[in-house]
Amino acid sequence: MSDNGMMEKEEIFSKVLRAGRRTYFFDVRATKAGDYYLTVTESKKFTNDDGSFHYKKHKIYLYKEDFAGFTEILNEMTDYIVNEKGEEVISERHQKDFQKTYDQENETVASSTGSFTDVSFDDI
């Protein structure tokens with residue numbers, strides 16, 4: 001591959017945002033004409049049943065002529081979400097933690113009141 005071919009794939013400036021199982025890569029790259037554009041790559045880690053893992057990547061390319069419109073809509077959408085739902089994160093993981101705590105509390109209450117009945121499948 002020629003030196004010019006290598007230049008179009010080289011990152012000019014990069015930043016990484018790690019967010020749990022997701023990692024976002026922000027890379028400034030150069031076009032063949034020498035202009036710059038932005039790539040945003042989301043890389044998400046998935047674990048297989050056997051314990052091995054793989055990554056799925058999604059990439060968008062953002063060019064200078066789209067920066068203003070993209071930024072305006074991104075800001076509008078993020079402001080809307082924060083205004084409607086606040087900044088507290090409500091996720092499946094948090095719901096599972098809440099459910100686990102709730103179940104443990106109810107199990108403690110039930111065992112202290114003796115409200116559980118032993119049932120044998122032979123009785124059914």
Count I, L, V, M, F, W, Y as connected when their side-chain heavy atoms are under 4.5 Å apart, and connections chain through other members. Are Phe25 and Leu62 then in the same cluster?
no
Interatomic distance, NZ@Lys44 vs OG1@Thr23, rounded to 0.5 Å, equals 11.5 Å
Within this structure, what is the CZ-CZ distance for the pair Arg29 and Phe13, rounded to the nearest 0.5 Å?
14.0 Å
Do the side chains of Phe67 and Val40 join up, straight or via other hydrophobic residues, at under 4.5 Å, putting them in one cluster?
yes
NE2-NZ distance between His58 and Lys56, expressed to the nearest 0.5 angstrom
7.0 Å
Hey, does the side chain of Thr78 reach the backbone of Leu74 with a donor-acceptor pair shorter than 3.5 angstrom?
yes
Measure the spacing between NZ of Lys45 and CZ of Arg21 and express it to the nearest 0.5 Å.
10.0 Å
For Ile60, I'd like to know if atom CD1 has over 12 heavy atoms of other residues, nucleotides or ligands within 6.0 Å.
yes
Main-chain N/O of Asp50 paired to Asn48 side chain as donor or acceptor, under 3.5 Å
no
Check whether more than 12 heavy atoms from other residues, nucleotides or ligands sit under 6.0 Å from atom OH of Tyr36, and answer yes or no.
no
Please work out which of the three classes, parallel, tilted or perpendicular, describes the rings of Tyr37 and Tyr61, given edges at 30° and 60°.
tilted
Listed partners of Phe53 passing ring-ring contact (aromatic ring centres under 6.0 Å, His included), at least two apart
Tyr55
Common cluster, Phe70/Leu38, ILVMFWY with side-chain heavy-atom separation under 4.5 Å
yes
Residue pairs passing the salt bridge (Lys or Arg N to Asp or Glu O under 4.0 Å) test with at least one member in residues 57-82, sequence neighbours excluded, are Asp35-Lys64
